[in-house]
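Contents: one structure, followed by commentary.
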Amino acid sequence: MIRNLGYACINMHLQKSKITTNRGMKRATFLAKGLPYASELALKNVIDLEKVIIWNEENDIKFFRISSDIFPWCSEYEFTQLPDYHKIKEVMERIAYYVRLHKHRLSAHPGPFNLLASPNEAVVKKTLIELENHSKVFDLLELEESVYNKINIHIGATYNNKELAANTWVKNVRRLSDTCLSRLTVENDDKASMWSVKELYEMVHSQCSVPIVFDYHHHSFCTGGLSEFEALQTATKTWPYDIIPVVHYSEGKSVHLNDSTIRPQAHSELINGPIKTYGINVDVMIECKGKEQGLLNFRKSILLKD
DNA sequence: CCAGGTCAAGGGAGT
DNA sequence: ACTCCCTTGACCTGG
């Protein structure tokens, strides 16, 4: 059964009035303008995050993915160094209270450059810092230390040796702080050569408690020999018994537009469903270009059917 | 104001 | 060897 529907990072409606949480800048600008400008953008992002979350509550949406761009270039400094840190913290505390009051579920999805299985130690170190920074944002929001508020990544590579890559990934996961690790999840990939739910279960989850996020669309490109139901069941049973597992749902743009030249992995504007849960309770993160519009549209379509 | 070229990162796949 | 893509397009410059 679908419990909560969520959407990722951008609110299309609010964005029209310049309310956005991912103001950033190019490297050159960061080098030229430094911390004061990073701080200015971060404060604006955080102020707008509050607006987005309030909008979510008013529209009965209690599940949202926070943009990784909320603190621009944050791998280059400590949050406390930002000139506006106290103002930022104040807003974050207000959001924290609101989120707790209205029982919102927040998550994050650090990008494809986060590679814990890399044989390159410099890459791993950067990844560890990036993941810890996501966790620090969650700390500012006073989010609980569990996969209720997940920080989700992919393994992202195989280095021609999945066994070794899985072992390296698990070894490096243990270098994270307990807080960060308590929030970490790992997701199945959208390419046949990469990581299926089956492989994540057998090679990764068997060695560490990190739960598996099941992505329906990705699964269709990388089944690992499991049916949709089997993969969903395998992934969701890796979650703590008292936390509703999160799954990701999207549909192919090429299917929606009936255009085979579009790569099949690309996401459609809206989604039609059905989202088959096979009786399993899940919170569904909807990934479509239309963001919250896709969620609202889909929710309306379910209500009409019932 | 707008279109379009450009933009941190690692790795894999396609040309 | 080069280019595109990925979580999530957005920044920024030149016209």
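Letters go in sequence order (proteins before strands), and every chain restarts at 1.
Distance Asn114(A) CG to dA8(B) P: 17 Å, rounded to the nearest Å. Counting to the nearest Å, the P atom of dC7(B) and the CZ atom of Arg27(A) are 12 Å from each other. Between the CZ atom of Phe30(A) and the P atom of dA9(B) there is a distance of 15 Å, rounded to whole Å. Regarding Leu115(A), its CG atom lies at a distance of 13 Å from the C1' atom of dA8(B), rounded to whole Å. Atom OH in Tyr159(A) sits roughly 13 Å away from atom P in dA13(B) (whole-Å rounding). With rounding to whole Å, Lys126(A) atom NZ is found 9 Å from dG10(B) atom C1'. Regarding Asn120(A), its CG atom lies at a distance of 6 Å from the P atom of dG11(B), rounded to whole Å. Rounded to an integer number of Å, the gap from Lys125(A) NZ to dG10(B) P is 15 Å.
For the side chain to side chain contact (heavy atoms under 4.5 Å, CB included) with His104(A), the lone residue among Ile53(A), Ile95(A), Leu143(A), Asn149(A) that qualifies is Ile53(A).
Residue contacts shown for Glu130(A) are absent, as no nucleic acid heavy atom lies under 4.0 Å away. Within 4.0 Å (heavy atoms only), Asn152(A) reaches no atom of the nucleic acid at all. Among the protein residues, Glu76(A) comes within range of no part of the nucleic acid, since none of its heavy atoms lies under 4.0 Å from any strand. Residue-level contact check: Thr20(A) touches neither bases nor backbone, having no heavy atom under 4.0 Å from any strand.
Aromatic ring orientation, His154(A) versus His218(A): tilted (interplanar angle from 30° to 60°). Relative ring orientation between His205(A) and Tyr201(A) is described as parallel, the plane-to-plane angle staying below 30° on a 0-90° scale split at 30° and 60°. In this structure, Phe298(A) and Tyr249(A) have parallel ring planes: the angle between them is below the 30° cut-off, well short of the 60° mark.
Salt bridge Arg183(A)/Glu144(A): absent, no basic N to carboxylate O contact under 4.0 Å. Between Asp48(A) and Lys51(A) there is a salt bridge, since at least one side-chain N of the basic residue sits less than 4.0 Å from a carboxylate O of the acidic one.
With DNA chain C read from its 5' end, the first of the two nearest nucleotides for Ala8(A) and Lys33(A) is the one closest to Ala8(A). Each of Arg23(A) and Arg263(A) was assigned the nucleotide of DNA chain C with the nearest heavy atom; the assignment lying further toward the 5' end belongs to Arg263(A).
dA10(C) sits 16 Å from dC6(C) when the C1' atoms are compared, rounded to a whole Å. One C1' atom belongs to dT7(C), the other to dG5(B), and the distance between them is 23 Å to the nearest Å. Between the C1' atoms of dA8(B) and dC5(C), the separation comes to 15 Å (whole Å). Only the P atoms considered, dT8(C) is 28 Å distant from dT13(C), to the nearest whole Å.
In this structure, the aromatic ring of Phe113(A) is positioned over the six-membered ring of the base of dA9(B), centres within 5.5 Å and planes within 30°.
Pairing of dG15(C), defined by two Watson-Crick or G-U wobble distances under 3.5 Å, is identified with dC1(B). Base pairing of dA9(B) is not made with any nucleotide, judged by Watson-Crick or G-U wobble geometry with both donor-acceptor distances under 3.5 Å. Under the Watson-Crick or G-U wobble criterion, with both distances below 3.5 Å, dT7(C) is left unpaired in every strand shown.
Of all nucleotides in DNA chain C having an atom under 4.0 Å from a heavy atom of chain A, the first and last in 5' to 3' order are dC5(C) to dC12(C).
Separation of the His219(A) and Phe214(A) ring centroids falls under the 6.0 Å cut-off.
Heavy-atom contacts from other residues, nucleotides or ligands closer than 6.0 Å to CG of Asp259(A) number more than 12.
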